[in-house]
Amino acid sequence: MNKHCPRNYRTLLAATLGLVLTAPVWAAQPPATDPVKEEVKAVLNQHDEAMDKQDTKALLALYADDPTIAMMGTGPGEFWKGKAEVEAAYKEFLKDFKAGSLKHQCTDTSGGHHGEVAWLVASCNMQDITPDGKTREYVLNVSAVLKQEKGSWKFQTLHFSNLTSGDAPPTAGAAPAATPAAAPKKAQ
C-alpha cells in the first residue's frame with residue numbers, strides 16, 4: 001500500500017467538498033442577460049399597457065420622431081405610414097375593445113440589436129373584452145424594428161398579425177399549407 005494514499009485521499013476529498021459546497025452559489029447566479037433585449041421587450045410591454053389604457057398619446061410616444069414610421073397589420077389595406085396614419089389606425093383599434101380589459105402574455109420572443117437598431121419578434125396570447133361584453137382570446141404575432149433615439153428605444157416599424165380564419169396554426173414540423181386567399185376588406 002502506498003503511504004501517500006491517505007494524503008491524496010484527503011486532498012481529493014477536500015477539493016470535492018469545496019466544489020459541492022460552492023455549487024449552490026454558482027447555480028444561484030442568474031444567466032447573463034442582454035440589457036438591450038430587455039429594454040426592447042419593455043417597450044413592447046409599454047405598448048400593450050398603453051393599448052389597455054387606450055392612451056393614443058402614450059402609444060405615439062413609443063414611435064421614433066421620423067416621418068417614415070410605419071405600422072402594418074394582417075391584410076390588404078392595413079399599412080399605415082407616418083404619425084397621422086398610425087394615430088388614425090390606433091383610434092380605430094381602440095374602438096374594438098373595452099379599456100382595461102386587454103391582457104397579454106408573450107410566451108415566445110426573440111430579438112437582437114446592432115448599434116442603434118434593434119428588432120424583435122413575439123408571439124403573444126391576447127385576451128380582451130369587446131364593447132358588447134364578449135371575452136375574446138387570440139394569438140397576435142408581432143415584429144418590430146426599433147431605433148435608439150435620445151437614449152430610449154422607439155418603434156420605427158411595427159407589424160402585427162393574427163389568423164384571419166378559424167383555422168388553427170400548423171403544428172410544428174407540419175408541411176406548409178397553400179397560401180390562403182386574401183381576406184376581404186371590411187366595409188368602411
Side-chain angles (χ1 to χ4, degrees), residues 30-56 58-83 85-90 92-94 96-97 101-128 136-183:
T33 59
D34 183 339
V36 172
K37 283 185 180 181
E38 296 305 313
E39 290 169 12
V40 168
K41 282 183 191 178
V43 173
L44 181 59
N45 284 330
Q46 290 170 5
H47 177 271
D48 291 343
E49 289 170 10
M51 286 285 291
D52 186 42
K53 293 176 183 174
Q54 298 191 349
D55 186 344
T56 308
L59 287 164
L60 293 174
L62 296 171
Y63 280 83
D65 188 21
D66 184 328
T68 66
I69 65 164
M71 182 170 59
M72 182 179 263
T74 304
E78 294 183 348
F79 192 179
W80 304 279
K81 300 174 199 171
K83 287 241 177 166
E85 286 187 20
V86 169
E87 180 178 14
Y90 275 116
E92 288 302 311
F93 297 152
L94 299 178
D96 199 37
F97 68 94
S101 71
L102 184 66
K103 296 177 185 169
H104 71 283
Q105 182 178 17
C106 299
T107 56
D108 201 6
T109 63
S110 184
H113 58 90
H114 183 75
E116 295 183 351
V117 175
W119 53 92
L120 71 84
V121 291
S123 184
C124 304
N125 296 317
M126 308 294 291
Q127 182 181 11
D128 64 19
R136 267 190 312 203
E137 292 184 6
Y138 52 97
V139 174
L140 191 63
N141 292 325
V142 179
S143 61
V145 175
L146 298 93
K147 67 181 185 179
Q148 198 162 40
E149 188 176 89
K150 299 176 186 171
S152 61
W153 291 99
K154 303 286 185 171
F155 290 115
Q156 181 65 38
T157 63
L158 179 61
H159 176 243
F160 57 92
S161 63
N162 59 352
L163 296 174
T164 57
S165 69
D167 296 336
T171 57
T179 304

Original post:
Which pair of non-hydrogen atoms, one from Leu102 and one from Asp52, has the smallest distance, and what is that distance?
Top reply: N-OD1, 2.8 Å
**OP:** Nearest 0.5 Å please: distance from the CZ atom of Phe155 over to the CG atom of Leu120.
**Re:** 6.5 Å
Original post:
Lys53: what forms a side-chain contact (heavy atoms from CB on, under 4.5 Å) with it, not counting sequence neighbours?
Top reply: Asp55
Original post:
Are the side chains of Leu44 and Val142 in touch, meaning some heavy atoms are under 4.5 Å apart?
Top reply: yes
Subject >> Derivation of the side-chain hydrogen bond (donor to acceptor under 3.5 Å, both in side chains) call for Ser152 and Glu39 >> reply: CA-CA 8 Å; Ser152 61; Glu39 290 169 12; over 6 Å; no
Subject >> Test side-chain contact (heavy atoms from CB on, under 4.5 Å) applied to Glu149 - qualifying residues, sequence neighbours left out >> reply: Ala64, Asp65, Lys147, Lys154
Original post:
Do the side chains of Val40 and Trp119 get nearer than 4.5 Å, heavy atoms only?
Top reply: no
Original post:
According to the interplanar angle, ranging from 0 to 90°, do the rings of Phe160 and Phe93 count as parallel (below 30°), tilted (30 to 60°) or perpendicular (above 60°)?
Top reply: perpendicular
Review item, side-chain donor-acceptor pairs of residues 106-116, under 3.5 Å, at least two apart:
from	atom 1	to	atom 2	distance (Å)
His113	NE2	Asp34	OD1	3.2
His113	NE2	Asp34	OD2	2.8

Original post:
Can a donor-acceptor pair be found between the side chains of Ser101 and Asp128 at a distance below 3.5 Å?
Top reply: no
Original post:
Measuring from Thr157:OG1 to Met72:CE, what's the distance to the nearest 0.5 Å?
Top reply: 9.5 Å
Subject >> Inter-residue atom distance Met71.CE - Tyr63.OH, 0.5 Å rounding >> reply: 4.5 Å
Original post:
Among side-chain atoms of Asn45 and His104, is any donor-acceptor pair under 3.5 angstrom?
Top reply: yes
Original post:
So, Glu85 side chain and Ala70 main chain: donor-acceptor pair closer than 3.5 Å or not?
Top reply: no
Original post:
Can you tell me if Glu92 uses its side chain to pair, donor with acceptor, with the backbone of Ala89 under 3.5 Å?
Top reply: no
Original post:
From Asp66 CG over to Gln156 CD, what is the distance, rounded to the nearest 0.5 angstrom?
Top reply: 4.0 Å
**OP:** Would you name the heavy atoms of Thr74 and Asn162 that are closest together and state the gap between them?
**Re:** OG1-N, 3.2 Å
Original post:
Between CE of Met126 and NZ of Lys103, what distance do you get to the nearest 0.5 Å?
Top reply: 12.0 Å
**OP:** Write down the atom of Met51, the atom of Leu94, and the distance for their closest heavy-atom approach.
**Re:** O-CD2, 3.8 Å
Subject >> Nearest-0.5 Å distance that lies between atom CG in Leu158 and atom OG in Ser143 >> reply: 7.5 Å
**OP:** Indicate yes or no for a side-chain donor-acceptor contact from His159 to the backbone of Gly73 under 3.5 Å, with no hydrogens or angles considered.
**Re:** yes
Original post:
Is it true that His47 and Tyr90 have ring centroids separated by less than 6.0 Å?
Top reply: yes
